[in-house]
Amino acid sequence: MAHRDSISELSALTEALVLEHRAEEERYRAILEGQPVSRRKAEGLSWSPVRIVATRFTMGGRPTVEVEADAGQPGAFRPGSAVQLSSADSKGESVDHRGIVRSARGLLAEVVLDGAELPAQAQHRMWTLDARFDERSFQEMARALSDVLNAGRDGKPSRLAALREVILGYARPEPVGPEAFVHPDLNPSQCAAVGHALTAQEVTTVHGPPGTGKTTTLVQLVKSLVRRGEKVMCSAPSNAAVDLLVERMGNAGLKVVRIGHPMRIDPSVVDRSLDRLVEADPDHKQVKTYRRQAEEAAREAEMQFRSFGPEQRAARREAFAEARALRKEADRLEAFLADRVVEAAEVVCCTLVGAADRLLTGRRFGTVVIDEAGQALEPAAWIPLRAAERVVLAGDASQLPPTVKAPEAIKAGLGISLLEKAIDRERNVHLLDTQYRMHADIMAFPNARFYEGRLLAHESVADRTLGSLPPLSFIDTAGRGWDEERATPEADTTGRSHASIRNPEEAAFIVDRVRELREAQPDATMGVIAPYRAQVTLLEELLHSDKASAEGRLSIQTVDGFQGQERDIMVIGLTRSNADGTVGFLSEYRRMNVAMTRARMHLLVVGDSATLGSDDFYAAFTAHCEGAGAYRSCWEWA
């Protein structure tokens, strides 16, 4: 989609974001308002009735409530789930409180509230706990796009406007030579990427295909930036990707602070979270003292709840006023301590939306690094970039794209990441060309299809095998009559009911091959991928006992679940088998790139060439396997 300038391009993107927002909002409204509570409970979207068991404050002074449900699906809510507590007040009007699930077990859950604590009368009411549409991300993306669109319009010099024009390709980057950079742990392409990123004035694009050491490269870049006195922000679309950065940066000796909701931070890095670092400050003891005194004052006020004499009313007002003053003082001191922690950090890590945290408002960073930028919605990427003097976009536009659910938003361009634009528009792009994961035969087809044959397999992995097991095999199920079938409609993560696809005969065949591989290679790690949730569910049922006995060496997931991971052996079942040659979801080739490139030493793909042959990508893969001597027929096992 051609645009005449950055303003028209970003204006169109804003319209696409509105379409996606409306579609998501309507989807949740249909779920929560269009279905009775009984149906929502049956689909695992609501608990009702719910009692308030206890209220307290968690680390950081956030009010929390512990709730217990009389009815609903146990385990329906998980840590990190966005929820809403609803009840009717004495006038029959709805009272809503939003929050995030901190912990959940059975029909018990602890919810960290977004705003003020519940009133004392809350424990005397019955509530409903619903999954909710968390619109904060849309609000922050819209705000960021507005800032980027309006940057420089007042005629004043604007760094954001300059970055906008260069990143989107409407202005040339300032020409500078790379810094000579050599590091014993990096190969020449990694060193070149770091050297260019150290001197580029606007943007550097680090294109990191699977297994090429992108994170290792970013760690050395950030260390070099910090060494020369810069403060760096590292951001990514998902909490998991941010936590990996925190772990790797921390292990490299950098002073890191992880900003984000404590319920969404992995336990392995929680000691580097802002809340934990603030709590570790010696001055935080006073915060705890203020909060304890506030709770005591509030309890004193509640003791007067049923006394209505003038003296009792005055005492109650005074106790409430004291509690409010103490909490305000606790919040003020804690905010000061948090600001001190952030100020002292060398590297700040957060999600893209997390970069809108009020603690970061007004702060500038010498460099903002966005990892896994190929999965980021462009409006989300602009949230941290507003604080940047320079930008590093890192990722692979040939792997999983941004998640966009509204077809009209995809058509309007929301599914194209800023990384993809930067690569297409040649914004200082540096390919990491050596991969350290796959046997050369596993790499060959994805390399030819997605990377123009530019990838190299490092000598440490190029010929690495599991004994006599060949690195690549395609088993053709054509002619067996193993037709796909529609599964019973099920609710997805947003509660939408939909029919998925499964293939029982193919699944049974894959189970036999998995067991053969496990018997031959008992110490190898193995992953099993299917493109459809119904097929994954079926495989999990069939391999339940195998998985239990594998002690963590066997995983079964969709493609998305394996992003960023690798296994010694990967087994992919393509599922589709029909007379029409319909491949459906399999036509998202970037997902297949992810699936194929998870394997270290053995990749086994099972599929029906009669169905797949109507698609150029899979016809080419079948031909590649035939040419490489990796083609087999399932009739060999008949």
Side-chain angles (χ1 to χ4, degrees), residues 1-24 137-138 140-142 144-149 160 163-171 173 202-209 214 235-238 241 351-353 368-386 391-431 449-452 559-560 563 585 587-594 617:
M1 187 182 301
H3 295 279
R4 64 181 182 274
D5 55 33
S6 63
I7 302 304
S8 65
E9 181 171 344
L10 290 170
S11 296
L13 189 65
T14 301
E15 294 175 7
L17 183 66
V18 170
L19 293 171
E20 177 74 357
H21 185 192
R22 286 175 180 168
E24 280 292 275
S137 60
F138 282 99
E140 296 299 346
M141 286 190 285
L145 281 178
S146 176
D147 289 345
V148 178
L149 274 165
L160 181 57
L163 291 175
R164 176 191 70 206
E165 298 305 305
V166 171
I167 293 173
L168 292 178
Y170 297 99
E202 296 92 5
V203 59
T204 302
T205 307
V206 179
H207 185 184
K214 171 174 56 66
S235 191
S238 69
T351 62
L352 302 176
V353 175
V368 169
V369 177
I370 298 183
D371 195 15
E372 302 295 353
Q375 295 182 56
L377 290 169
E378 182 182 338
W382 285 112
I383 298 173
L385 296 189
R386 292 176 298 177
V391 177
V392 174
L393 300 173
D396 183 9
S398 295
Q399 294 189 62
L400 294 182
T403 299
V404 182
K405 295 173 182 173
E408 58 272 28
I410 296 175
K411 187 177 180 180
L414 191 59
I416 302 174
S417 69
L418 196 57
L419 178 78
E420 187 173 353
K421 290 182 178 180
I423 293 174
D424 289 345
R425 300 170 190 185
E426 300 179 346
R427 301 291 86 182
N428 197 14
V429 182
H430 298 278
L431 176 75
R449 294 292 298 195
F450 296 101
Y451 306 108
E452 301 175 338
V559 177
D560 296 55
Q563 173 74 5
F585 190 55
S587 63
E588 295 189 10
Y589 307 133
R590 286 184 287 188
R591 279 188 157 75
M592 192 50 54
N593 183 36
V594 172
F617 177 89

Residue of the set Leu149, Ile167, Leu168 for which side-chain contact (heavy atoms from CB on, under 4.5 Å) holds with Ser6 = Leu168

Just one of His3, Arg164, Arg4 clears the side-chain contact (heavy atoms from CB on, under 4.5 Å) bar with Tyr170, so which one?
->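 Between Tyr170 and the candidates, side-chain contact (heavy atoms from CB on, under 4.5 Å) is satisfied uniquely by His3.
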
Identify the heavy atoms of [X] and [Y] that sit nearest to each other, and give their distance.
{"X": "Leu17", "Y": "Pro379", "answer": "CD2-CB, 4.2 Å"}
{"X": "Pro209", "Y": "Gln399", "answer": "C-NE2, 4.2 Å"}
{"X": "Ala144", "Y": "Ile383", "answer": "CB-CG1, 3.6 Å"}
{"X": "Leu377", "Y": "Thr403", "answer": "CD2-O, 4.1 Å"}
{"X": "Gly415", "Y": "Pro402", "answer": "O-CD, 3.4 Å"}
{"X": "Leu400", "Y": "Gln375", "answer": "O-CG, 3.2 Å"}

[Y] and [X], any side-chain heavy atoms less than 4.5 Å apart:
{"X": "Leu385", "Y": "Leu418", "result": "yes"}
{"X": "Asp147", "Y": "Trp382", "result": "no"}
{"X": "Glu378", "Y": "Leu145", "result": "no"}
{"X": "His21", "Y": "Met141", "result": "no"}

Are the side chain of [X] and the backbone N or O of [Y] linked by a donor-acceptor pair below 3.5 Å?
{"X": "Glu20", "Y": "Lys405", "answer": "yes"}
{"X": "Arg386", "Y": "Leu160", "answer": "no"}
{"X": "Ser11", "Y": "Ile7", "answer": "yes"}
{"X": "Ser235", "Y": "Thr351", "answer": "yes"}
{"X": "Asp371", "Y": "Ala236", "answer": "no"}

Sequence neighbours excluded, the answer for ring-ring contact (aromatic ring centres under 6.0 Å, His included) partners of Tyr589 is Phe617

Got a sec, which residues hit ring-ring contact (aromatic ring centres under 6.0 Å, His included) with His430, two or more places apart in sequence or on another chain?
->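 Residues passing ring-ring contact (aromatic ring centres under 6.0 Å, His included) with His430: His196.
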
Starting at [atom1] of [X], measure out to [atom2] of [Y] and round the result to the nearest 0.5 Å.
{"X": "Leu419", "Y": "Leu393", "atom1": "CG", "atom2": "CG", "answer": "6.0 Å"}
{"X": "Lys421", "Y": "Leu13", "atom1": "NZ", "atom2": "CG", "answer": "5.5 Å"}
{"X": "Leu352", "Y": "Glu140", "atom1": "CG", "atom2": "CD", "answer": "12.0 Å"}
{"X": "Leu414", "Y": "Glu15", "atom1": "CG", "atom2": "CD", "answer": "12.0 Å"}

Could you tell me which residues satisfy side chain to side chain contact (heavy atoms under 4.5 Å, CB included) with Val429, sequence neighbours excluded, listed by chain and number?
-> Thr205, His207, Ile423

Using side chain to side chain contact (heavy atoms under 4.5 Å, CB included) as the criterion, list what pairs up with Arg590, not counting sequence neighbours.
-> Pro401, Glu420

Under the salt bridge (charged side-chain N to carboxylate O under 4.0 Å, His left out) test, which residues partner Asp396, sequence neighbours left out?
->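 Per chain and number, Asp396 pairs via salt bridge (charged side-chain N to carboxylate O under 4.0 Å, His left out) with no residue.
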
Those residues that, when tested against Asp560, pass salt bridge (charged side-chain N to carboxylate O under 4.0 Å, His left out) (two or more places apart) = Arg591

